[in-house]
Amino acid sequence: MRLFLYGTLVDPRRLAGFAGRALPRLPARLPGWRRVALPGGRWPSLRRGPGEVEGVVVTVDAATLRRLTAYEGPAYRLVRLWVRTARGGLPAYAWIAPGTTRRPWP
């Protein structure tokens, strides 16, 4: 499965720690969305809006997906999106939590 990562898992060391190994990363952008804070401000999510979100795309197997899903927690659900890369557009999934704020996440 192809994942678009835009928050804490963009850090390659953190991603490798939770994935169990280093994963090849492809820089990507998600147009028509903004990165915003969840209530409490500690974690990001996505909200439709003007602009675009920078992140990376990784491809994972089922076991890695389970580990990363456990890290993301029950507040997030996978949503299929269309991202842009230097190689063109492609579909990917991103974890998005409902109930976001409108405050930008750093």
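The first residue in the sequence is number 1, and the count goes up from there.
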* Look only at the side chain of Arg67 and the backbone of Ala19, and say whether a donor-acceptor pair between them is shorter than 3.5 Å. => yes
* Asked: Which pair of heavy atoms, one from Ser45 and one from Leu38, lies closest together, and at what distance?
  -> CB-CD2, 3.8 Å
* Side-chain touch Leu26/Arg87, heavy atoms, less than 4.5 angstrom -> yes
* Asked: Does any N or O in the side chain of Thr101 come within less than 3.5 Å of the main-chain N or O of Ala37, such that one atom is a donor and the other an acceptor?
  -> yes
* Residues Ile96, Trp33; criterion side-chain contact (heavy atoms from CB on, under 4.5 Å); working and verdict -> CA-CA 11 Å; Ile96 298 177; Trp33 291 79; 3.8 Å; yes
* Decide side-chain contact (heavy atoms from CB on, under 4.5 Å) for Arg14 and Leu9; before the verdict, give the C-alpha distance in whole Å, the side-chain angles of both, and the deciding distance to 0.1 Å. => CA-CA 6 Å; Arg14 181 176 295 225; Leu9 289 175; 4.2 Å; yes
* Mark yes or no for whether Arg25, through its side chain, and Val10, through its backbone, hold a donor-acceptor pair below 3.5 Å. => yes
* Side-chain donor-acceptor pair under 3.5 Å between Thr69 and Tyr76, yes or no? -> no
* **Distance (rounded to the nearest 0.5 Å) between Thr8 OG1 and Leu15 CG** => 9.5 Å
* Could you tell me whether the side chains of Thr59 and Arg2 share a donor-acceptor contact shorter than 3.5 Å? => no
* Spell out, yes or no, whether Val36 and Val83 are grouped together once hydrophobic residues are joined by side-chain heavy atoms under 4.5 Å, including indirect joins. => no
* Asked: Heavy atoms, side chains only, cut-off 4.5 Å: are Arg80 and Pro91 in contact?
  -> yes
* Asked: Would you call Thr64 and Arg21 a side-chain contact if the rule is heavy atoms closer than 4.5 Å?
  -> yes
* Are Leu5 and Trp82 connected, step by step, through hydrophobic side chains (Ile, Leu, Val, Met, Phe, Trp, Tyr) whose heavy atoms are closer than 4.5 Å? -> no
* Might you work through the side-chain contact (heavy atoms from CB on, under 4.5 Å) test for Leu3 and Val57, ending with a clear yes or no? => CA-CA 5 Å; Leu3 299 173; Val57 170; over 6 Å; no
* Report yes or no: do Leu90 and Met1 belong to one cluster of Ile/Leu/Val/Met/Phe/Trp/Tyr joined by side chain heavy-atom distances under 4.5 Å? => yes
* Asked: Cluster question for you: counting only ILVMFWY and a side-chain heavy-atom cut-off of under 4.5 Å, with indirect links fine, are Tyr71 and Trp105 together?
  -> no
* **Nearest non-hydrogen partners of Gly7 and Pro44, listed with the distance** => CA-CG, 3.8 Å
* Write down the atom of Gly40, the atom of Arg103, and the distance for their closest heavy-atom approach. => N-NH2, 4.2 Å
* Do the side chains of Leu81 and Leu46 get nearer than 4.5 Å, heavy atoms only? -> yes
* Run the salt-bridge test on Arg29 and Glu52 with the 4.0 Å N-O cut-off and return the result as yes or no. => yes
* **Flag if over 12 foreign heavy atoms under 6.0 Å of OH, Tyr93** => no
* Could you tell me the separation between the CZ atom of Arg34 and the CZ atom of Arg102, rounded to the nearest 0.5 Å? => 7.0 Å
* Between the main-chain N or O of Tyr6 and the side-chain N or O of Arg35, is there a donor-acceptor pair closer than 3.5 Å? -> yes
* Check against side-chain contact (heavy atoms from CB on, under 4.5 Å), Phe4 and Val53 -> CA-CA 10 Å; Phe4 174 72; Val53 176; 4.2 Å; yes
* Gly99 versus Pro39, closest heavy-atom pair with distance -> O-CD, 3.2 Å
